[in-house]
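No experiment lies behind these values; they were computed from the predicted model shown. Heads up: numbering here begins at 1 and tracks the sequence.
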Amino acid sequence: MPSADGPVSQWFARKGDQWKSGLNIMRQKGPSEVQFWFIALMVGIAGGAVAVAFRLSIAALQTAFYGADDVNGLHSLAGGLPWYVVLTIPIIGGLIVGIILNRFTPDGRVRSVADVIEGAALYRGRVETKAGIASAFASLITLSTGGSTGREGPVVHLAAIAATWVSKRINASGMTGRDLLGCAVAAAVSASFNTPIAGALFALEVVLRHFAVHAFAPIVIASVAGTVVSRLWFGDVTEFELPDVNALGFYVELPAFLLLGLLCGLVAVMLMKSIFFADRIGSHIQQRLHIPSFLRPAISGAMLGAIAIYFPHIIGVGYETTMAALTGNLLFGTAVVFVIIKALAVSITMAGRMGGGVFSPALMVGALTGLAFGHVATGILPDVSGSETLYALAGMGAVAAAVLGAPISTTLIVFELTGDWQTGLAVMVAVSLSTALASRLVDRSFFLTQLEKKGVHLAAGPQAYLLATCGVTQGMRALSADQSPTAEQCWSMVEQGIYFHENATLEAALPLFDTTGAVFIPVVRLTREGTPPELRGVLHHVDALRAYNRALAATAAEEHS
């Protein structure tokens with residue numbers, strides 16, 4: 001046998017020491033540009049693998065539950081199943097989801113794209129790991145058992161978990177962590193929809209919410225890597241195969257797409273508000289009837305199963321119905337009914353805390369809306385109109401862009417999903433109008449409205465949310481410092497109730513300075529009940545403003561670097 005301290009063992013030992021030394025240097029000083037691009041490539045491969053695995057898992061479970069050989073024809077197959085099977089499967093799925101979320105998340109809520117956006121803005125590019133993995137499993141069960149949502153939300157969060165793991169290993173700074181998060185998101189979106197260009201822009205536009213040059217190259221690398229992983233498995237094919245009749249009839253037809261954009265903006269707002277309304281109603285009923293939280297998804301599953309008996313089109317992602325709309329194989333009345341039923345089903349799924357994303361439902365609702373509008377437009381002015389399927393394509397992009405608050409990346413996603421680049425004018429006109437209208441009726445997008453309802457004010461920009469990232473201890477002075485007040489002065493203010501807890505942020509500090517007119521306010525640590533607090537230091541108004549200004553300057557430097 002070779003000696004344990006032979007040349008081969010020594011070589012591996014030296015390489016191990018070098019790797020550990022390099023990792024320590026990286027943790028202390030951060031990765032170099034070349035190192036970061038290599039890390040971005042690895043994160044992109046991981047994000048692509050996550051997306052592929054999630055998609056294959058949905059297909060496997062849908063086959064197990066519904067017996068479908070082709071999941072793209074799931075609703076047609078479900079329409080031929082016994083009614084009690086269609087009713088029971090979502091109930092079972094909802095019960096499993098409820099148990100998972102009740103056991104592994106603190107609030108029974110599924111993590112999705114909104115949480116990734118919050119992690120990028122407030123938590124140095126990190127997201128929750130345990131709750132995120134549980135949410136992914138819950139979303140997988142939801143999409144496999146009749147839930148009416150999309151797969152992009154859980155896939156994006158799963159990829160963000162991989163980026164978070166890497167950020168923790170290399171002790172990434174806030175900027176590096178956010179860039180890694182963008183890489184993971186770009187790879188996940190690209191692999192999910194075979195859209196490398198749109199995937200990169202989605203990460204910049206929706207998650208990072210800036211287009212800094214330093215982030216562009218690694219995010220593109222990751223996006224391409226995710227797409228390659230997807231194409232190695234599924235092939236280089238577009239998600240939807242369209243007929244060759246999508247051509248703008250004449251430029252006089254463009255005003256019709258302006259009207260379509262406004263209609264799609266209203267439909268997108270209706271979809272978003274119905275989801276939030278259903279969630280409020282569900283929470284109210286749960287509290288009034290004292291329903292256990294783990295049963296909430298099962299009740300929603302029962303409602304979805306009842307709808308699916310008559311409208312199996314709501315089951316799962318819904319690409320079969322979207323494809324029918326894009327190819328013009330639905331009548332006007334059918335398209336309108338499907339819009340209403342799909343919006344209802346998505347609202348019930350989300351209100352039941354069952355998991356999944358909103359992008360795929362928005363695509364389906366948009367395609368149906370566009371088709372219905374197209375039937376009317378081409379019927380009124382047949383001599384100057386193109387095909388009604390062009391309206392379906394434009395509507396698909398318009399509703400999705402308004403829901404996501406991402407006109408640039410959504411426009412490109414529509415082009416890459418369909419492979420149809422000849423209808424750019426129509427799609428861009430509809431997308432621009434729908435996004436402009438919807439952004440004024442909600443807080444910019446579905447995701448930012450979700451965060452606003454949680455009290456996270458990202459829609460207002462860095463000047464609003466950065467206050468929540470700066471703790472009062474960052475600008476706090478010790479009582480022994482120059483120009484600090486005496487302990488007696490501080491205790492006098494504490495007795496009047498004018499003080500900050502040491503865990504408070506500038507979001508609470510600056511308003512208190514404004515209302516009290518104080519020049520300084522004490523910072524305390526609360527001890528056991530019945531004992532006085534411990535005086536930690538003092539925060540001067542000028543120091544709080546300086547800390548806020550530094551945070552704004554750092555954000556501006558990152559966004560313009």
Side-chain angles (χ1 to χ4, degrees), residues 51-52 54-63 65-79 139-140 142-156 188-195 198-199 230-231 233-243 246 271 304 307-308 311-330 334-335 338-339 341-343 345-346 349 355-371 389 392-400 403-404 410 413-420:
V52 169
F54 195 81
R55 184 171 178 176
L56 293 175
S57 298
I58 292 173
L61 287 178
Q62 284 182 338
T63 300
F65 280 108
Y66 290 98
D69 295 329
D70 179 11
V71 294
N72 289 326
L74 179 61
H75 91 247
S76 296
L77 179 128
S139 298
L140 174 62
T142 296
L143 290 166
S144 304
T145 58
S148 192
T149 50
R151 62 174 181 255
E152 77 292 331
V155 165
V156 164
V189 173
S190 300
S192 293
F193 301 108
N194 191 18
T195 54
S230 176
R231 290 182 179 181
W233 193 274
F234 297 112
D236 182 14
V237 294
T238 57
E239 198 72 41
F240 302 111
E241 295 292 336
L242 299 185
N246 279 333
L271 177 63
L304 290 171
I307 296 173
F311 298 97
H313 313 78
I314 68 166
I315 294 175
V317 176
Y319 279 171
E320 184 180 359
T321 304
T322 304
M323 186 63 197
L326 291 175
T327 53
N329 291 327
L330 297 174
T334 304
F338 281 2
V339 167
I341 296 299
K342 183 64 176 181
V346 173
T349 307
V358 296
F359 181 55
S360 295
L363 291 177
M364 178 175 168
V365 169
L368 292 167
T369 301
L371 179 65
T389 58
L393 179 63
M396 182 171 74
V399 171
V403 171
L404 271 63
T410 306
I413 283 177
V414 170
F415 290 152
E416 291 186 282
L417 277 175
T418 60
D420 190 340

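- Contact between A188 and A51 at its shortest, heavy atoms only, is O-CB, 3.8 Å.
- Under a 3.5 Å cut-off, the side chain of T322 and the backbone N or O of G318 do form a donor-acceptor pair.
- Looking at heavy atoms from C-beta onward, L330 lies in side-chain contact with L368 at the 4.5 angstrom threshold.
- Separating the CD1 atom in I341 from the CZ atom in F311 is a distance of 4.5 Å, to the nearest 0.5 Å.
- The closest side-chain heavy-atom distance from Y66 to I315 is below 4.5 Å.
- Contacts of T149 classified as side chain to side chain contact (heavy atoms under 4.5 Å, CB included), with partners at least two apart in sequence or in another chain: T142, L143, T349, M350.
- Atom OG1 of T327 is separated from atom CG of L393 by 12.0 Å, given to the nearest 0.5 angstrom.
- For the atom pair CG of N329 and OG1 of T389, the computed distance is 10.0 Å after rounding to the nearest 0.5 Å.
- T369 is linked by a side-chain hydrogen bond (donor to acceptor under 3.5 Å, both in side chains) to nothing, counting only residues two or more places apart in sequence or in another chain.
- For S360, the side chain to side chain contact (heavy atoms under 4.5 Å, CB included) partners at least two apart in sequence or on another chain are E152, F193, V317, Y319.
- The nearest pair of heavy atoms linking P361 to G150 is CD-N, 3.7 Å.
- Residues that satisfy the side chain to side chain contact (heavy atoms under 4.5 Å, CB included) test with A394, not counting sequence neighbours, are F257, L260, V427, A430.
- Under the rule for a ring pair (Phe, Tyr, Trp, His ring centres under 6.0 Å), the partners of F338 that lie at least two apart in sequence or sit in another chain are H313.
- When every heavy atom of G397 is checked against every heavy atom of T410, the shortest pair comes out as O-CG2, 3.6 Å.
- The minimum heavy-atom distance between A191 and S230, with the atom names listed, is O-OG, 3.0 Å.
- Annotation for G146 and L304: closest pair O-CD1, 4.1 Å, computed over non-hydrogen atoms.
- Checked against side-chain hydrogen bond (donor to acceptor under 3.5 Å, both in side chains), S148 has the following partners two or more places apart in sequence or in another chain: K342.
- Side-chain contact between F359 and V189: absent, with no pair of heavy atoms (C-beta onward) separated by less than 4.5 Å.
- Put simply, CZ on R231 and CG on N194 are 4.0 Å apart, with the number rounded to the nearest 0.5 Å.
- Note that CE of M364 and CE of M323 are 14.0 Å apart. Values are rounded to the nearest 0.5 Å.
- Atoms CG and CE, from L371 and M396 in turn, are 12.0 Å apart once rounded to the nearest 0.5 Å.
- Between S192 and V155, the shortest heavy-atom distance links the atoms OG-CG1, 3.5 Å.
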